[in-house]
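I have placed the structure first, in the form of structure tokens, so that the comments after it can refer back to it.
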Amino acid sequence: LIRVDAQPRVTRAAALQWARQHTDRLDARLLLEFICQCRQAALIADPDVLLTAAQWPHYQALVMRRAAGEPLAYLVGEAGFYGLNLAVTPDVLVPRPETEDLVAWALELMQGLFAPQIADLGTGSGAIALALAQARPNARVLAVDISPAALSVATVNRDRLGLDNVALCCASWFDGWVVPGGLDLIVSNPPYIPATDPHLGGDGVRYEPLLALTDGADGLNAYRALAAGVSAHLKPGGWLLVEHGHDQSAAVAGLWQAAGLDPVMARQDLSGNPRMTAGQRPEAST
Ligand code: GLN
């Protein structure tokens with residue numbers, strides 16, 4: 001008996017060449033690594049290995065979904081962030097490289113504190129909370145999100161990383177929880193895109209949870225909620241640190257100042273736009 005494959009078999013090299021008509025070289029390669037469950041070195045070493053009868057149609061389907069705009073992270077179910085490999089689903093925002101700068105700044109602000117108490121509000125996949133907890137084993141980190149689905153992704157990530165200094169809490173901003181003694185750092189990458197911004201319909205972004213992207217209003221509601229929690233949740237000397245849009249720096253600084261934070265400082269992203277703002281609760285705060 002002669003068996004005939006329904007689809008012609010192709011080599012890894014031929015599959016890559018086909019994919020590059022539809023998507024860029026890097027995504028084509030990363031999807032092939034995912035399908036073949038191997039690293040780039042193996043693809044280069046053995047370009048003539050045939051994809052199995054199951055792998056080739058699976059690869060074609062993923063390449064076409066990527067070509068239609070689905071984020072690579074959702075297709076492969078993971079994303080790298082601050083040296084961590086995180087599970088990612090369409091219930092959470094795909095971690096962005098610029099948010100790694102927020103983690104780096106948070107770590108600078110916590111330097112010199114032996115066992116800082118930290119809360120990450122709107123944690124999503126847990127990216128910020130877990131990166132901080134991993135870098136500072138003595139820190140106690142609370143990861144808060146309003147979405148139970150997002151929290152279960154964050155929980156999977158915490159458990160995979162084996163971090164025992166992270167607690168998770170389902171809440172809207174500060175509703176219904178308090179850390180006794182107060183926090184040394186409140187950090188957040190909240191939904192900040194204004195509801196009318198066409199960016200919400202853009203490549204990749206339109207597959208992400210709206211709840212994580214926009215407040216459905218002017219994009220500043222999260223910052224108002226965060227500023228309102230300063231006196232009840234931040235220790236004197238503690239910091240409120242956020243990521244924001246490229247044109248929101250003045251508005252966020254205004255909210256921080258009105259909340260009594262001093263000093264208030266901004267930092268730029270790699271394109272030179274102010275994208276993060278930090279404010280400190282004065283030591284002698286009333
Ligand atoms: N930086 C994201 C974007 O521009 C938005 C993230 C957010 O709203 N927190 O797609």
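Atoms within a ligand are numbered from 1 in the order they appear, just like the ligands themselves.
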Full working for ring-ring contact (aromatic ring centres under 6.0 Å, His included) between W177 and H233 = CA-CA 10 Å; W177 61 271; H233 292 271; 5.1 Å; yes
Counting only heavy atoms, which portion of E208 has something under 4.0 Å from ligand 1: side chain, backbone, both, or neither?
-> neither
So, do Y192 and H244 have ring centers that fall under 6.0 Å from each other?
-> no
Ignoring hydrogens and angles, state whether a donor on the side chain of R224 or N221 is under 3.5 Å from an acceptor on the partner side chain.
-> yes
Numbered in order shown, the ligand 1 atoms found under 4.0 Å of a heavy atom of N189 are 7 (C), 9 (N)
What protein heavy atom sits nearest atom 10 (O) of ligand 1, and how far away is it?
-> R96 NH2, 2.7 Å
Pair E243-R275, salt bridge (Lys or Arg N to Asp or Glu O under 4.0 Å): steps then yes or no = CA-CA 6 Å; E243 178 176 320; R275 288 292 307 285; 3.2 Å; yes
To the nearest 0.1 Å, how far is atom 9 (N) of ligand 1 from its closest protein heavy atom, and which atom is that?
-> P190 O, 2.6 Å
Are N189 and L93 side-chain neighbours, meaning at least one heavy-atom pair lies under 4.5 Å?
-> yes
shortest atom 1 (N) of ligand 1-to-protein heavy-atom contact is with Y192 OH, 2.9 Å
Atom 4 (O) of ligand 1: nearest protein contact (heavy atom, Å) = H199 NE2, 3.0 Å
Between W56 and W18, does the ring centre distance come in under 6.0 Å?
-> yes
Under 3.5 Å between some N or O of ligand 1 and some N or O of P191?
-> no
Residue that, paired with K235, satisfies side-chain contact (heavy atoms from CB on, under 4.5 Å) out of L183, V179, D184 = D184
Atoms in ligand 1 flagged as close to L213, the criterion being non-hydrogen separation under 4.0 Å = 8 (O)
Look at ligand 1 and say whether A212 reaches it with a heavy atom at a distance under 4.0 Å.
-> yes
Checking heavy atoms under 4.0 Å, the part of L93 that sits near ligand 1 is side chain
